[in-house]
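Inspection log for the structure reproduced underneath, given as structure tokens.
Just so you know, ligand 1 is whichever comes first in the structure, and atom 1 is the first atom listed for that ligand.
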Amino acid sequence: MDSVIEDIRVRKILDSRGNPTLEVDVITWNGFGRAAAPSGASTGAREVVAFPLGGVDSIIEEVEDVIAAELIGMDAEDLLEIDLVLKEIDGTENLSSLGGNTTVAVSMAVAKAAASSYNLPLYRFLGGNMPYQIPYPLGNMINGGAHAGKNAPDIQEFLILPVGAEDITEAVFANTAVHRRIRELIQKKDQLFTGGKGDEGGWAPNLTNQEALEIQSQACEEISQEEGVLIKPCLDMAASEFWDSDQEKYVYKKEGIARDTGEQVDYVNEIIDTYKMFFVEDPIREGDFQGFADLTQRSGKKCLICGDDLFVTNAHILAEGIEVGAANSIIIKPNQIGTLSDTYQTVNLARTHQYVPVVSHRSGETTDETIAHLAVAWSCPIIKTGAVGGERIAKLNELIRLEEEMSNPQMADLSQK
Ligand code: PGA
Ligand code: ZN
């Protein structure tokens, strides 16, 4: 009774790139939930469709009329059933008639309304009575590729993970200390650097991949020393973005180098060894399970090899990857698959097969903080949500609040890799 849905409201709001996205309110007898959908720039080809052709404007009436008509009177607690109804209304395999961003915003708002109906924070409603752990924040330091201007590195994201942090506050401030130091190091290298940033708040410098790797590594070492918190470098290569299917090569424009798949595997393996990378995401283009598996065989014991565009948070595609040993980690983005229950199914499959699930933001974000709760509720040891910028700190600051609320909070266990 407390969580019976009484009304659904929907509106067009801004995302961090200034594009329109959807925000949904769900009102129950005794609660309220609000959620907004993020959006990607380097999206995987097998993700569900974000919005139908007409965009956000074309879907607002449909949510208010068709979706609301079906969901009003249902119990928000029955998330699985509600997600099924959403998929039924859509009626397509890839959610192209409603859009996965529409369904995910409704699905998350319903979950938050259910939690609120019982006066619980979302993570407790979803996670039950577990000993909760705080995920380590994977912070974005330097942006390239599709997230920055044309003179930035080809590699999309130079990231860091403060693996030695003892609590979330120490972790997020270690990340911003490295972020600040990286700016100084870029400035030394390039007097003309304007301080410009990319879509996820990392610096967008006129540097080669090699130069960026050096600066990233130096900043990690210096701040680890100064702050006494061990910080490791990580990457998201988003390799599909610079794969040239005609040449069948990875084309690094900044360096003027093209590498075939074997050379790419060698190159990434060398980077992992040289810089002691903790985590490398999408080092191989999406669809190439064998290339991924070759790299994971070589490097999977010393580094997390993570699939984002490769798996698109889809349990069926993850199962294909598990079959061939494609990776040992997976990015979890709810809007890649369209509902919270499908997202959870993928997290579960990952964990069953020792794939480390990394809950993640998108490059286009809002101040919605839901993913902070998902990472805690589902015991994901890492959350990827930037280091600075309002839409990124919305999640990080929420983690600080969650830690404060927990009795005896512990950082996650990163030893499972
Ligand atoms: P996207 O990129 O949100 O632009 O798809 C983020 C990522 O590749 O991890
Ligand atoms: Zn990625």
Side-chain angles (χ1 to χ4, degrees), residues 15-19 21 36-51 99-101 104 137-149 152-161 197-202 204 234-243 250 268 277-288 292 295 303-314 317-318 321 326-338 343 346 350 355-366 368 370-371 375 380 382-387 389 391-392 395:
D15 79 5
S16 55
R17 276 192 281 253
N19 293 326
T21 190
S39 86
S42 63
T43 48
R46 295 168 87 182
E47 292 186 24
V48 296
V49 172
F51 286 114
N101 277 8
V104 88
L138 186 54
N140 195 332
M141 302 289 123
I142 300 176
N143 288 184
H147 293 172
D154 303 297
I155 292 176
Q156 182 177 283
E157 298 169 29
F158 297 77
L159 306 149
I160 60 164
L161 195 69
K197 292 183 200 157
D199 285 356
E200 294 185 350
C234 304
L235 292 176
D236 179 2
M237 299 188 77
S240 298
E241 296 293 319
F242 54 94
W243 167 256
Y250 294 91
V268 177
M277 289 285 163
F278 188 87
F279 163 103
V280 179
E281 177 181 334
D282 284 349
I284 301 290
R285 72 185 161 93
E286 62 188 279
D288 186 1
F292 256 93
L295 180 65
C303 180
L304 289 178
I305 305 296
C306 184
D308 170 16
D309 293 348
L310 181 73
F311 297 132
V312 293
T313 316
N314 182 314
I317 303 177
L318 174 60
N328 56 15
S329 177
I330 176 175
I331 286 287
I332 301 294
K333 294 170 171 168
N335 83 323
Q336 282 184 326
I337 191 68
T343 308
T346 306
Y355 273 52
V356 174
V358 176
V359 171
S360 170
H361 65 174
R362 305 286 325 226
S363 52
E365 265 295 339
T366 71
D368 184 294
T370 311
I371 60 167
C380 298
I382 303 175
I383 184 168
K384 183 186 177 196
T385 186
E391 70 282 10
R392 317 291 155 189
K395 287 78 165 162

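Not a single N/O/S atom of Asp282, whether from backbone or side chain, sits less than 2.8 Å from the Zn ion (ligand 2). Among the backbone and side-chain atoms of Glu157, none of the N, O or S atoms lies under 2.8 Å from the Zn ion (ligand 2). Here Asp236 meets the criterion, with an N, O or S atom under 2.8 Å of the Zn ion (ligand 2).
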Begin with the C-alpha distance, continue with both residues' side-chain angles, and end with the deciding distance and a verdict on side-chain hydrogen bond (donor to acceptor under 3.5 Å, both in side chains) for Thr366 and Asp368.
CA-CA 5 Å; Thr366 71; Asp368 184 294; 5.0 Å; no
Ser39 and Asn101: CA distance, side-chain angles, deciding distance, side chain to side chain contact (heavy atoms under 4.5 Å, CB included) verdict:
CA-CA 8 Å; Ser39 86; Asn101 277 8; 4.3 Å; yes
Please walk me through it: do Leu304 and Tyr355 pass side chain to side chain contact (heavy atoms under 4.5 Å, CB included)?
CA-CA 9 Å; Leu304 289 178; Tyr355 273 52; over 6 Å; no
List the steps, then state whether side chain to side chain contact (heavy atoms under 4.5 Å, CB included) holds for Phe279 with Leu235.
CA-CA 6 Å; Phe279 163 103; Leu235 292 176; over 6 Å; no
Please walk me through it: do Asp308 and Gln336 pass side chain to side chain contact (heavy atoms under 4.5 Å, CB included)?
CA-CA 10 Å; Asp308 170 16; Gln336 282 184 326; 3.0 Å; yes
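Nearest N/O/S atom of Asp308 relative to the Zn ion (ligand 2): this is OD2. When the N, O or S atoms of Glu281 are ranked by distance to the Zn ion (ligand 2), OE2 comes first.
Ion pairing of Asp15 with Arg362 is absent here, as no side-chain N (NZ or NE/NH1/NH2) approaches a carboxylate O to less than 4.0 Å. Under the 4.0 Å criterion applied to side-chain N and carboxylate O atoms, Glu47 and Lys333 are not assigned as salt-bridge partners.
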Are there any protein N or O atoms under 3.5 Å from the N or O atoms of ligand 1? List them with distances, or say none.
unit_1	atom_1	unit_2	atom_2	d
ligand 1	2 (O)	Ser42	OG	3.2
ligand 1	2 (O)	His147	NE2	3.4
ligand 1	3 (O)	Arg362	NE	3.1
ligand 1	3 (O)	Ser363	N	2.8
ligand 1	3 (O)	Ser363	OG	3.4
ligand 1	4 (O)	Ala41	N	2.5
ligand 1	4 (O)	Ser42	N	2.9
ligand 1	4 (O)	His147	NE2	2.8
ligand 1	4 (O)	Ser363	OG	2.6
ligand 1	5 (O)	Ser42	O	3.2
ligand 1	5 (O)	Arg362	NH2	2.7
ligand 1	8 (O)	Ser42	OG	3.4
ligand 1	8 (O)	Gln156	NE2	3.0
ligand 1	8 (O)	Asp236	OD2	3.2
ligand 1	8 (O)	Asp308	OD2	3.1
ligand 1	9 (O)	Asp236	OD2	3.1
ligand 1	9 (O)	Glu281	OE2	3.1
ligand 1	9 (O)	Asp308	OD2	3.1
ligand 1	9 (O)	Lys333	NZ	3.2
ligand 1	9 (O)	Lys384	NZ	2.9

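Here Val268 pairs with Met237, Gln264, Ile272, Val280, Pro283, Leu295 under the side-chain contact (heavy atoms from CB on, under 4.5 Å) rule; sequence neighbours left out.
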